[in-house]
Amino acid sequence: MSTPKQAAKTRSVRPEAEALEGRRLLSMTVSGQDVDGDTFTIRLVGPGDLRVVKQNDSTGNPASLSSASLINEITVAGTNPQSSRLVARVNKAPTGDGKVFFANLTQLSSRSLTAGNGNGLQSVDMPNFYLGDTDPATASVQGTPKASIRIPDGVNTFRFGGADTTAFFGTTNSQRLNQNNTSDLFVIALGEPVSGGVRVIANSFVSDAQAAVTTGTTPGSPTQDGIQLVVQGRLNYFQANTIQGNSSLPSGRFSNSGGTLVQSVPDVAGLTGQIGFVKIGGDATNFSVQTNDRISDFFIGGETNNIFLLTPGGSRNLQFGKGMDNVSVLTHNIQTVSANRGATNSSISANREAGLLRFGGDVQGTTVESGVNQDLLSAFNNQSDPTTSNAQSGGGMTVQIAGNVVDSVFAASVEPFNGVFGSANDLNLPHGNVVAKVEGTISNANATPDSPNQAFYANDVNVTRGPVIPPNVAETPFTPTSTVKLPGIGKQVNGQPVIRI
């Protein structure tokens with residue numbers, strides 16, 4: 001290492017410019033007030049620029065930031081995908097609800113001059129900001145989003161309050177059901193970041209549905225509000241405390257059919273979509289998760305109602321803290337399924353092995369089939385149920401049930417006669433096998449009338465009776481969680497991120 005005197009002597013012989021140390025750009029900050037008195041601060045840390053526009057006032061022009069009004073659009077541009085962070089905070093007023101609603105969040109798509117990669121963001125961190133309809137006077141147009149978040153160049157970590165289609169903004173300055181008898185659509189589209197996958201963390205997603213309206217003698221169809229979260233490339237992590245919906249009016253399974261939909265899709269270069277971990281801490285209703293490839297872990301800690309999972313590439317671990325009720329799974333294969341309180345009115349259909357299935361209570365009105373020939377990739381691309389589901393060789397499963405089996409079927413590589421298992425005319429294909437242990441009784445008089453005391457079907461079936469240890473899946477209320485580090489946000493302590501600004 002040269003001394004300062006030697007370095008000075010060298011410069012005098014061969015003059016050259018000295019490199020300057022790196023500089024962090026100053027933050028762009030916007031402050032304002034919400035419609036119910038809450039105040040907010042939105043800050044863009046690092047390169048880029050920020051614009052916040054309120055909803056129009058009585059003159060048709062955007063209201064001032066300090067007025068008691070709602071946010072129409074938040075726009076960022078010129079960001080750096082490795083250092084730009086959008087950070088927003090809410091100060092709750094005595095008359096406020098501590099939530100700030102916005103109708104649009106947009107990152108202007110651009111290209112890097114050096115690497116040719118999209119100029120996205122490292123993170124968006126706005127935990128008390130919710131996507132909502134801030135202009136309910138405007139009528140919904142079928143297929144046109146009423147509210148949207150679009151970050152086409154990607155973001156590593158996206159943390160916000162969530163989305164709520166039921167929020168209504170009127171003169172009462174309060175939240176009530178937005179019963180407009182239209183299918184409102186919210187879209188959250190996140191592109192693929194420069195490096196790594198996407199992480200999405202939210203408090204709640206709330207959708208609603210309205211009953212059908214009869215015009216004269218012509219019955220109508222129910223209207224379904226929908227929230228669609230679509231991620232290009234890999235979705236590393238998706239977490240929400242609750243997924244709320246109208247349980248009396250179940251949504252469809254696929255896009256444009258209402259409820260909350262989370263999708264991981266291929267990027268423009270064809271890189272496959274994958275999902276790492278989907279974690280719902282509490283209850284989930286009208287919730288669909290789809291990928292054109294596979295999912296590693298799927299967890300719901302509370303009650304389930306109308307849940308759909310589509311994974312053409314397979315699934316690893318599916319866990320249900322308070323039972324597997326009204327759940328439908330279409331997948332290539334499964335490693336494990338664990339449900340603390342059994343299963344009710346659910347179905348699992350796997351092309352190959354169904355793995356180890358453990359139920360901590362009764363299994364009622366449920367069908368599990370492995371060794372089923374399904375074109376799941378076409379189902380994903382067409383957003384429709386598989387057109388064929390014939391049996392094929394290679395199915396198998398291990399089942400443990402700490403309760404009774406009522407009108408339920410577990411089949412491996414079996415083609416039932418006329419769609420009903422238990423007949424002497426069933427086709428049992430080679431290599432299908434089921435190993436099962438049941439603690440309670442089997443009563444299948446309705447599901448398999450020809451075999452009322454049988455629930456397991458395969459070329460090779462081994463069923464034993466005896467005590468079964470229930471699974472121990474975490475369920476609400478939870479104990480404090482371990483520390484988790486999120487790119488651009490920092491660490492989570494007991495589930496609450498420690499923010500560094």
Checklist entry - Below 4.0 angstrom, N of the basic side chain to O of the carboxylate: do Asp36 and Lys92 qualify? => result no

Checklist entry - Which atom names give the shortest non-hydrogen contact between Pro470 and Ala402, and what distance separates them? => result CG-CB, 4.2 Å

Checklist entry - Is a donor on one side and an acceptor on the other found under 3.5 Å between the side chain of Arg294 and the backbone of Gly273? => result no

Item to check | salt_bridge(Asp385, Arg253) N-O dist < 4.0 Å | outcome: yes

Next on the checklist: Under the criterion side-chain contact (heavy atoms from CB on, under 4.5 Å), I'd like the reasoning laid out for His431 against Ser413: C-alpha separation, chi angles, the key distance, then a yes or no.
Outcome noted: CA-CA 8 Å; His431 312 299; Ser413 298; over 6 Å; no

Checklist outcome for this item: Heavy-atom closest pair (Ser408 atom, Gly365 atom, distance to 0.1 Å) is OG-N, 3.1 Å

Next on the checklist: Taking the six-membered ring for Trp, are Phe129 and Phe160 closer than 6.0 Å centroid to centroid?
Outcome noted: no

Checklist entry - For the residue pair Leu131 and Val187, what are the closest heavy atoms and their distance? => result CD2-O, 4.4 Å

Checklist entry - Given Val289 and Phe287, is the side-chain contact (heavy atoms from CB on, under 4.5 Å) satisfied, shown in steps? => result CA-CA 7 Å; Val289 176; Phe287 182 43; 3.3 Å; yes

Checklist entry - Does the side-chain contact (heavy atoms from CB on, under 4.5 Å) test come out yes or no for Leu377 and Asn292, once each step is laid out? => result CA-CA 6 Å; Leu377 188 57; Asn292 73 308; 4.1 Å; yes

Checklist entry - Given the rule in the side-chain contact (heavy atoms from CB on, under 4.5 Å) test, do Tyr237 and Lys279 qualify, once you have shown the distances and angles that lead to the verdict? => result CA-CA 8 Å; Tyr237 189 75; Lys279 178 181 179 182; 3.6 Å; yes

Next on the checklist: Quick check: do Met324 and Ile348 have side-chain heavy atoms less than 4.5 Å from each other?
Outcome noted: yes

Item to check | Close side-chain approach of Phe380 to Gln263, heavy-atom, < 4.5 Å | outcome: yes

Next on the checklist: Any heavy-atom pair between the side chains of Asn444 and Gln454 that's under 4.5 Å?
Outcome noted: no

Checklist entry - Are any side-chain N or O atoms of Asn286 and backbone N or O atoms of Gly258, one a donor and one an acceptor, separated by less than 3.5 Å? => result no

Item to check | Euclidean distance, Asn326 CG relative to Asn345 CG, rounded to 0.5 Å | outcome: 5.5 Å

Checklist outcome for this item: Interatomic distance, CZ@Phe186 vs CD1@Ile149, rounded to 0.5 Å, equals 10.0 Å

Next on the checklist: Just checking Asp450: does its CG atom have more than 12 heavy atoms from other residues, nucleotides or ligands closer to it than 6.0 angstrom?
Outcome noted: yes

Checklist entry - Rounded to the nearest 0.5 Å, how far apart are CZ of Arg199 and CG of Asn236? => result 4.5 Å

